[in-house]
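Report on the structure given below.
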Amino acid sequence: MFRYDHSPGWFAMSAGTTFLRAEITAFGVLLLRVLSRPGGSATSAGAPPTGSASADGQLLAERFARGDIDEDAYSHRLGVLRRRR
């Protein structure tokens with residue numbers, strides 16, 4: 001017959017249980033982070049959260065000052081921001 005009191009199965013069960021608890025905890029943390037975002041829903045990863053029109057205009061002016069965008073792009077995007085108000 002087999003002797004179960006010295007079997008290595010207890011280690012696999014302990015490791016499996018620890019891993020399962022870690023997965024459940026990680027899932028809970030991620031779920032709380034998603035639900036605690038403003039608006040209560042997930043946004044796309046590449047898109048910044050939308051703010052007020054004045055903050056968006058200030059960000060656009062900063063990008064223009066750094067040289068990230070040219071004058072035509074600045075004028076066009078500023079016009080779009082003003083039409084949205």
Side-chain angles (χ1 to χ4, degrees):
M1 288 287 165
F2 294 105
R3 291 184 57 189
Y4 291 107
D5 52 324
H6 296 293
S7 170
W10 64 270
F11 178 75
M13 285 182 57
S14 298
T17 302
T18 302
F19 184 71
L20 179 65
R21 287 180 180 171
E23 285 181 331
I24 291 172
T25 302
F27 179 74
V29 168
L30 289 174
L31 184 65
L32 286 174
R33 288 185 68 190
V34 167
L35 293 178
S36 66
R37 288 185 180 175
S41 65
T43 59
S44 62
T50 57
S52 67
S54 62
D56 292 338
Q58 183 179 4
L59 179 63
L60 187 61
E62 290 173 5
R63 289 185 61 200
F64 178 63
R66 282 193 310 257
D68 292 344
I69 56 175
D70 61 357
E71 186 176 355
D72 293 333
Y74 174 73
S75 299
H76 174 72
R77 292 176 184 185
L78 189 62
V80 170
L81 282 175
R82 288 182 178 160
R83 281 192 298 263
R84 286 186 181 176
R85 288 186 191 176

(message) Quick check on R21: does its CZ atom have over 12 non-hydrogen neighbours (other residues, nucleotides or ligands) under 6.0 Å away?
(response)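 No, not enclosed.
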(request) May I ask you to check whether over 12 heavy atoms, not counting those of E62, lie within 6.0 Å of atom CD? (result)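 Atom CD in E62 is packed in, count exceeds 12.
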(request) Might you point out which heavy atoms bring L60 and Y74 nearest each other, and give the distance in Å? (result)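 Distance-wise, the nearest heavy atoms are CG-CD1, 3.7 Å.
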(message) If I take atom CG from residue L81 and atom NE2 from residue H76, how far apart are they, to the nearest 0.5 angstrom?
(response)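 With rounding to 0.5 Å, CG (L81) is 10.0 Å from NE2 (H76).
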(request) Give, for atom CZ of R83 and atom CG of L78, the distance between the pair rounded to the nearest 0.5 Å. (result)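 Answer rounded to 0.5 Å: 10.0 Å.
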